[in-house]
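What follows is a single structure, written as structure tokens, with notes after it.
Throughout, a chain's letter reflects where its sequence line sits, starting with A, and its residues are numbered from 1.
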Number of protein chains: 2
Amino acid sequence: MMTESHVDRLTSQLRRMAAEFRIKPDERIREGEMAKRLSVSRTPLREALNRLVSEGYLTFTGGQGFFCRSLTPERIMDLYEARAAIECEAMRHAVSRASPAAIAQLADDLDRAEPLYERTTDRLALLEMDEAFHMALVRLSGNAELERMLENINGRIRYVRMMGLKMEDGRPGRMGAHRTILGALIARDQDLLLAELRAHIEMRKEDATQAVRDAFSHIYVQAG
Amino acid sequence: MMTESHVDRLTSQLRRMAAEFRIKPDERIREGEMAKRLSVSRTPLREALNRLVSEGYLTFTGGQGFFCRSLTPERIMDLYEARAAIECEAMRHAVSRASPAAIAQLADDLDRAEPLYERTTDRLALLEMDEAFHMALVRLSGNAELERMLENINGRIRYVRMMGLKMEDGRPGRMGAHRTILGALIARDQDLLLAELRAHIEMRKEDATQAVRDAFSHIYVQAG
DNA sequence: GCATTTCATTCTGTATACAGCACTAAATAT
DNA sequence: ATATTTAGTGCTGTATACAGAATGAAATGC
């Protein structure tokens with residue numbers, strides 16, 4: 001693959017900080033302070049911050065600098081809808097383009113992941129498996145742009161999804177839904193596939209918006 | 001609105017240069033030369049270039065710098081599919097959310113644009129009217145993220161669309177399609193709306209991929 | 001007491017300098 | 001003649017310095 005540069009790593013680091021609310025929403029980012037904190041100079045820091053502006057994590061106002069965008073419940077809804085748009089479009093094409101071999105591979109991965117899925121108590125691990133499945137699904141469409149967009153969306157809602165993860169009851173349903181979706185894809189049944197996928201995504205939307213409200217209170221409790 | 005900064009303008013300028021193929025596909029961007037050409041220093045130039053990396057116009061490789069991404073026919077197809085995904089999802093929600101007043105406003109705009117639409121021979125003006133209609137459509141969904149994404153996609157396929165614009169026969173069909181789409185929205189007929197919109201977008205996909213092939217030959221004829 | 005203005009401080013915005021790496025081309029060896 | 005090495009050149013990557021703008025606090029006027 002391509003050489004990962006220093007700015008790439010810095011961007012990832014800041015992206016994570018923003019997504020985890022380690023940078024407070026609506027807060028002005030003071031470059032000098034942040035640069036010292038991350039042990040880099042302001043020049044590469046600003047390059048990374050500029051990338052995050054284009055990725056939707058930050059805003060930039062001339063003369064004032066960079067601000068962390070807040071994740072309101074409305075924006076979470078927007079992102080979930082965008083996610084549904086991307087994934088459904090991908091499936092619309094995957095149903096005719098995905099090779100049986102690629103689908104079989106994904107089914108295999110699902111089988112191998114299942115025991116871990118049932119056993120683990122690590123929410124992040126659970127989420128990563130879920131994300132990996134959906135990314136693999138989109139990859140079956142052969143559309144690199146849809147892949148890019150989903151990656152962006154996932155990054156932005158990752159920690160909200162994690163907070164919304166209900167360990168008790170969510171797991172069997174989720175795993176079952178993944179199997180149903182894959183089944184519809186194998187059967188090349190577009191209507192069923194799209195219906196199942198959309199329902200699967202919509203189901204989590206409400207959990208997530210509730211989660212972001214909880215998250216907000218957490219943040220402001222921490223901050224005082 | 002928010003203060004537009006110097007880097008914002010620089011980003012727009014470079015974005016346009018990339019979209020118009022004034023920066024050659026796969027070409028390495030030499031920062032010193034480009035900085036001199038645009039009469040800025042390398043620091044703000046690199047900030048703008050970093051934004052364009054995140055917007056999908058450029059790539060960045062550590063130790064080598066920035067490269068213009070080439071627009072292959074495959075990527076054009078990908079972008080058109082992504083466009084269909086965004087616009088259809090937007091309509092799916094607009095059908096229940098858009099206020100009658102907002103829809104009436106759009107219908108009015110369409111009426112007032114029609115004479116100009118029939119008369120003008122300026123391809124760019126034509127394209128801008130088309131883009132404005134589709135952006136307004138998506139805005140009816142109330143989803144800011146879908147809006148953002150469509151803006152990005154439009155920027156990247158703008159000049160390819162312009163090349164693919166057929167002045168002779170495309171105009172009446174296009175205008176008619178816009179009216180049909182709006183009619184379905186007014187009737188709150190989701191199925192019809194989505195079908196019409198998707199057909200309208202798909203219809204231009206082939207034109208555009210052909211156009212990008214033409215564009216490529218143009219570029220390489222110029223470059224020698 | 002409240003608003004307003006002024007001043008000091010701090011931060012942003014950009015140029016520039018320099019170190020180190022990557023590419024090119026010439027030269028040498030096989 | 002071709003492949004490989006090596007020196008040279010130019011570019012990227014980052015730190016730093018400095019100018020100008022914005023913010024906040026203190027002081028003054030009403």
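- With sequence neighbours excluded, no residue forms a side chain to side chain donor-acceptor pair (under 3.5 Å) with B:Gln13.
- In this structure the side chain of A:Glu81 never reaches within 4.5 angstrom of the side chain of B:Glu145, judged on heavy atoms.
- Residues satisfying the ring pair (Phe, Tyr, Trp, His ring centres under 6.0 Å) test with A:His134, not counting sequence neighbours, are A:His178, A:His200.
- For A:Arg15, the side chain to side chain donor-acceptor pair (under 3.5 Å) criterion is met by A:Glu55, not counting sequence neighbours.
- Under the ring pair (Phe, Tyr, Trp, His ring centres under 6.0 Å) criterion, A:Phe66 pairs with A:Phe60, sequence neighbours left out.
- For DNA chain C, the residues of residues 41-53 of chain A within the heavy-atom distance limit of 4.0 Å (strictly under) are A:Arg42, A:Arg46, sorted by number.
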Whether each nucleotide of nucleotides 19-25 of chain C has a protein heavy atom under 4.0 Å at its base (B), only at its sugar-phosphate (S) or at neither (-) is summarised, 5' to 3', as ---SS--
Considering only distance and modelled atom types, tabulate donor-acceptor pairs under 3.5 Å from the side chains of residues 32-39 of chain B, sequence neighbours left out.
residue : atom : partner : partner atom : Å
B:Glu33 : OE1  : B:Arg30 : NE           : 3.3
B:Glu33 : OE1  : B:Arg30 : NH2          : 2.7

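- With sequence neighbours excluded, the residues that form a side chain to side chain contact (heavy atoms under 4.5 Å, CB included) with B:Met135 are B:Arg139, B:Glu147, B:Leu150, B:Glu151, B:Asn154.
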For A:Ile201 and A:Lys205, run side-chain contact (heavy atoms from CB on, under 4.5 Å): C-alpha distance rounded to whole Å, both residues' side-chain angles, the deciding distance at 0.1 Å, then the answer. CA-CA 7 Å; A:Ile201 294 172; A:Lys205 190 159 69 169; over 6 Å; no
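- For DNA chain D, the outermost nucleotides in 5' to 3' order that have an atom under 4.0 Å from a heavy atom of chain B are D:dC11 to D:dT14.
- With sequence neighbours excluded, no residue satisfies ring pair (Phe, Tyr, Trp, His ring centres under 6.0 Å) with B:Phe67.
- Near DNA chain C, defined here as any heavy-atom distance below 4.0 Å, there are no residues from residues 29-38 of chain B.
- For CZ of B:Arg22, the number of neighbouring non-hydrogen atoms (other residues, nucleotides, ligands) closer than 6.0 Å is 12 at most.
- Atom CD1 of residue B:Ile76 and atom CG of residue B:Leu71 lie 4.5 Å apart, to the nearest 0.5 angstrom.
- B:Ala102 pairs by the side chain to side chain contact (heavy atoms under 4.5 Å, CB included) definition with B:Ser99, B:Leu140, not counting sequence neighbours.
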